[in-house]
Every structure is written in structure tokens, then in C-alpha cells.
Amino acid sequence: MSTSGTPQFRYTQTPSKVLHLRNLPWECTEEELIELCKPFGKIVNTKCNVGANRNQAFVEFSDLNQAISMVSYYASSSEPAQVRGKTVYIQYSNRHEIVNNKSPGDVPGNVLLVTIEGVEAGDVSIDVIHLVFSAFGFVHKIATFEKAAGFQALIQFSDAETASSARNALDGRSIPRYLLPEHVGSCHLRISYSAHTDLNIKFQSHRSRDYTNPYLPVNPTAIEGISQPAVGPDGKKKEPESNVLLASIENMQYAVTVDVINTVFSAFGTVQKIAIFEKNGQTQALVQYPDISTAAVAREALEGHCIYDGGYCKLHLSYSRHTDLNVKAYSDKSRDYTIPEASLLAAQQAPGAPAAPPQWQNPQYPGNEYGSAVQGHMPPGQGPWDPSMQAGRSTYVSAPGTFPGQNFATSSVPSYAAAGVPSGSSPHASTRPSMPGAPPNMRHDGASPPGVRPGGVSPSGQPTYYGQ
DNA sequence: AGCACA
């Protein structure tokens with residue numbers, strides 16, 4: 001007794017408080033669905049954009065009679081149910097409740113999380129993404145990144161309505177072939193809502209854009225900038241000079257803390273910012289000076305030399321493509337000495353007493369980028385588009401003040417109380433700040449070990465004022 | 001224009 005061939009009539013179906021609606025316009029939002037149905041009763045649940053064409057929906061009333069009233073109303077009405085001028089067909093669903101309606105990514109917002117399946121990051125440019133999504137409204141910002149799920153993008157629209165129209169139109173569809181490289185097969189878009197409301201874009205780059213802020217610094221290689229620039233011994237890289245140095249630390253037998261880096265590099269001038277991170281299992285540090293010439297001097301003096309005797313912590317220096325680091329003011333992996341509070345904090349952080357830094361200092365974004373945002377762990381608006389985030393691993397608490405700064409010298413006047421410029425040393429930059437037998441991560445509460453000069457932070461916790 | 005686990 002099949003119903004094939006003969007249309008089923010609505011009144012032959014078993015009533016349910018769940019109604020099945022079809023022939024909806026694909027842009028149909030949950031709001032429109034509710035508008036249509038709520039005159040008949042209380043809606044307790046909905047499910048929109050169902051089916052291959054995303055033009056079906058379910059609505060669950062709190063009471064069976066309400067569903068019946070809606071069905072019978074439109075069964076006898078001369079005016080069909082409509083959404084955006086399209087006739088909507090309404091029947092009882094063959095289920096009696098809507099299950100599993102909302103996953104976290106279904107909560108509408110103005111930011112979309114787009115997963116582009118089957119492609120690598122290089123295959124789809126940010127401009128292509130922008131082009132595709134701009135069809136639905138002004139795209140404020142885009143951030144792209146790679147996570148386990150694949151190549152993903154966060155796309156910020158003005159409002160949730162625009163975002164949902166883009167989602168409804170594009171979810172499950174593919175980017176047109178002509179916008180993609182030849183070798184790319186299929187690339188379906190999986191789109192959900194992000195918990196973000198405002199992305200924090202720091203650079204215009206091949207990975208991130210802020211279309212609302214034309215004055216944002218352009219960093220064509222915002223991420224690659226700190227990737228390994230292949231600094232081989234013979235590597236004669238024609239890299240442009242920069243006020244920011246990238247230090248790769250080889251043979252790192254001892255922990256190299258922010259303070260150690262600060263001490264070493266302060267010998268040549270004011271260190272403004274430091275970011276330490278891991279890249280391919282190697283520790284690297286970005287060190288920012290106020291100007292290129294200072295960086296150049298430091299680079300010349302330090303290249304190939306070891307922080308410690310015995311070939312430990314050998315430095316390889318190159319120019320970063322960064323010009324201004326965006327780092328947490330004070331964490332165990334970064335420092336911004338241009339912020340007074342950070343210097344103060346650094347100064348007051350007694351060695352060996354790892355007073356837990358406030359939450360904001362240390363990112364909870366293991367890995368990088370927005371991965372945790374996807375899981376909703378990141379507060380909205382805190383997208384860390386931040387090079388220093390590259391290495392989220394905090395391995396040890398920094399033990400400042402143990403570096404033998406006396407071997408470094410500077411001719412410049414220290415600008416920061418806690419900057420740790422070992423003045424009073426020889427005016428020539430020794431390149432052997434060795435400290436035999438006393439690794440810098442050695443804990444020693446209180447006084448410095450013999451022969452060790454407080455390198456930046458006095459162990460007693462007092463800011464050390466070097467002056468002249 | 002015809003029923004949802006992702």
C-alpha cells in the first residue's frame with residue numbers, strides 16, 4: 001500500500017506537535033520561521049535549513065493543538081503560508097519532537113567559522129574568501145588559520161543576519177572552481193557560527209585582514225615572518241634590515257628566559273619587546289629595538305656566539321620582518337618594556353618565587369590562533385592575532401636575574417628601570433657572556449650566586465636602577 | 001514540493 005503516485009493529503013497524517021515545513025526560501029532565518037508560526041501557539045524548538053537544499057524546517061509547538069490549529073488554518077485558507085513571498089507547505093512531521101536542535105556552532109552571531117575542506121592553506125587566498133563572502137554584505141574582518149580540522153577562516157560581518165544569509169547560502173557548497181588552483185578537487189565549505197563578535201586583527205597580511213581599518217600595519221608575512229628563515233651558517237640571506245631581530249637558539253641546554261634575552265640584548269641598546277616561542281622544536285626569540293642601527297650592531301656582535309660557555313645556547317640572528325611586536329606585556333614568554341606596568345611587574349617578580357601571573361598575561365591558547373575559540377573557550381573579541389602566540393607552551397617559570405650580565409657592555413643609557421642594562425661594564429660588547437657551571441635556570445632565591453651580576457632584575461625583588 | 005545525527 002504505497003503512497004507513490006498519489007499525493008498524500010495532509011489530513012491523513014497523524015498529528016504531531018512538530019510541523020514539517022518545506023519550500024522555504026533558502027535564506028529563511030529562524031526568526032522568519034517563528035514569525036510565521038507563533039500566531040498559532042508557543043514554539044519550543046525549531047530546526048532550520050534542513051535538507052540538501054536547506055529549504056526545509058521543523059517547528060515544535062508546546063502543545064499538539066497549536067500545531068493542529070496551524071495546519072488546519074492553512075489547509076482551509078485561501079492565502080497560503082508564505083515566507084518572503086514563497087509559499088510554504090506545512091505538514092505534521094512524522095516525528096514528535098525536535099531532537100538535538102542546537103549545537104554550539106548553531107547559535108547565530110555575526111562571525112562565521114568557515115572550514116574549507118580538502119584544501120591546504122595556500123590553495124585559497126584570503127582575497128578569494130573575501131570575494132565569496134562579500135556577496136552577502138560588507139565583510140569587516142577575516143582571519144585564516146590552520147587547525148586539525150583543516151583550513152579555517154573566521155569571517156566577521158556587521159550583524160548576525162548578514163552572517164546567517166552567507167551561511168545559509170554557502171554552507172555545504174563549494175568555492176567556484178575558477179577561483180581555485182587547478183589541482184584542487186572539491187572544497188566544500190562547512191560553516192558554523194563563531195562565538196566571536198569582534199576579531200582582533202593585528203596585521204593586514206596574507207592570513208588576516210581588517211577591511212575596516214586601512215591604516216593597520218601591513219605585514220605581508222605576519223606569520224611567516226617568524227618562521228625559520230633558514231639561517232644556515234652559509235645562509236647569506238638577503239633579508240631586509242629591521243629593528244627586530246630573530247634569534248634562533250641552538251643547543252639550548254639551559255632555559256633561556258625573557259630576562260636572559262633581555263640582559264644579553266640590552267647590552268647594545270634599549271630592548272623594547274621580547275617574544276620567545278618555539279618553532280619546529282627550536283626555541284626562537286624576537287627582540288625589538290627602537291631602531292635598525294641598534295639591531296644591526298647587536299646582530300653583528302652576537303651572531304654565532306653562545307650565551308653560555310661550552311657551546312650552549314648558541315645564537316643565530318637574522319632580521320625579522322616584524323617592525324613592532326605585539327606581545328603580552330608580561331608573561332613568561334614575552335615582555336613589553338615600553339609599558340611601564342610591565343617593567344614594574346618584571347622588577348617585582350622575585351626570582352624563584354613564581355607568583356602566578358595574572359590570567360591575562362599568559363594566553364590560554366595552546367597551539368595558536370583561534371583553535372580554542374572554536375570550542376568556545378576564548379572570550380569574544382580576543383582573537384590573538386599575535387606572533388608571540390606561536391608557541392603557547394609554557395615550560396618553566398622564568399628565573400630572572402641570574403644572568404651574568406657583566407660580560408656585556410653597553411654604551412647606551414638604560415631607559416628602563418628593569419631593563420637590566422649592565423652599566424659599568426666594559427664598553428665593548430663581549431660576545432662571551434659565559435657563566436660556567438651556572439645555568440640561568442638555576443633557582444636561587446635571594447642573592448645572586450657569586451660572580452653573577454643581577455642582569456636586569458635584582459633578585460631581592462627591587463628594581464635595579466642603573467644610572468649614571 | 002515530501003522529514004533531521006552533523
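Scope of the values below: all heavy atoms of this structure, side chains included, with no hydrogens, waters or symmetry mates. Protein chains get the first letters and strands the later ones, always in sequence-line order, with residue 1 at the start of each.
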Measure [atom1]/[X] against [atom2]/[N] and give the value in whole Å, please.
{"X": "A:E60", "N": "B:dA4", "atom1": "CD", "atom2": "P", "answer": "16 Å"}
{"X": "A:L19", "N": "B:dA1", "atom1": "CG", "atom2": "P", "answer": "20 Å"}
{"X": "A:F58", "N": "B:dG2", "atom1": "CZ", "atom2": "P", "answer": "12 Å"}
{"X": "A:Q91", "N": "B:dA4", "atom1": "CD", "atom2": "P", "answer": "13 Å"}
{"X": "A:L189", "N": "B:dA6", "atom1": "CG", "atom2": "C1'", "answer": "16 Å"}
{"X": "A:N49", "N": "B:dA6", "atom1": "CG", "atom2": "P", "answer": "17 Å"}
{"X": "A:N53", "N": "B:dA4", "atom1": "CG", "atom2": "C1'", "answer": "14 Å"}
{"X": "A:D106", "N": "B:dA6", "atom1": "CG", "atom2": "C1'", "answer": "9 Å"}

Taking atom types as modelled and ignoring hydrogens, do the side chains of A:S125 and A:H206 form a donor-acceptor contact shorter than 3.5 angstrom?
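Note: A:S125 and A:H206 side chains miss the donor-acceptor criterion.
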Which atom names give the shortest non-hydrogen contact between A:V132 and A:L170, and what distance separates them?
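Closest pair (atom of A:V132, atom of A:L170, distance): CG1-CD1, 3.7 Å.
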Can you measure from CD1 (A:I307) to CD1 (A:I249) and round to the nearest 0.5 angstrom?
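Those atoms lie 5.0 Å apart.
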Heavy-atom nearest nucleotide on DNA chain B for A:V50 versus A:K86: which residue maps closer to 5'?
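By nearest-heavy-atom nucleotide position, the 5'-most residue is A:K86.
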Find which nucleotide of DNA chain B each of A:N55 and A:V18 is nearest to by heavy atoms, and output the residue with the more 5' nucleotide.
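It is A:N55, whose closest nucleotide lies nearer the 5' terminus.
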Check the angle between the aromatic planes of A:Y254 and A:Y308 and answer parallel, tilted or perpendicular using the 30° and 60° thresholds.
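A:Y254 and A:Y308: perpendicular rings.
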Could you check whether A:E97 gets within reach of a base, just the sugar-phosphate, or nothing at all, counting any heavy atom under 4.0 Å?
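Contact class for A:E97: base.
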Minimum-distance nucleotide (side-chain atoms of [X] versus [options]):
{"X": "A:N23", "options": "B:dG2, B:dA4, B:dA1", "answer": "B:dA1"}
{"X": "A:K47", "options": "B:dA6, B:dC5, B:dA1", "answer": "B:dA6"}
{"X": "A:Y89", "options": "B:dA1, B:dC3, B:dG2", "answer": "B:dA1"}

Checking only heavy atoms, does the side chain of A:R190 share a donor-acceptor pair with the base of B:dA6 at less than 3.5 Å?
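No, no donor-acceptor pair under 3.5 Å.
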Working note: A:K273 + A:D324, criterion side chain to side chain contact (heavy atoms under 4.5 Å, CB included); need CA distance, chi angles, decisive distance, verdict.
CA-CA 8 Å; A:K273 300 176 186 179; A:D324 188 20; 2.8 Å; yes
Report yes if at least one side-chain N or O of A:R95 is closer than 4.0 Å to OP1 or OP2 of B:dA4; otherwise report no.
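For B:dA4, OP1 or OP2 has a side-chain N or O of A:R95 closer than 4.0 Å.
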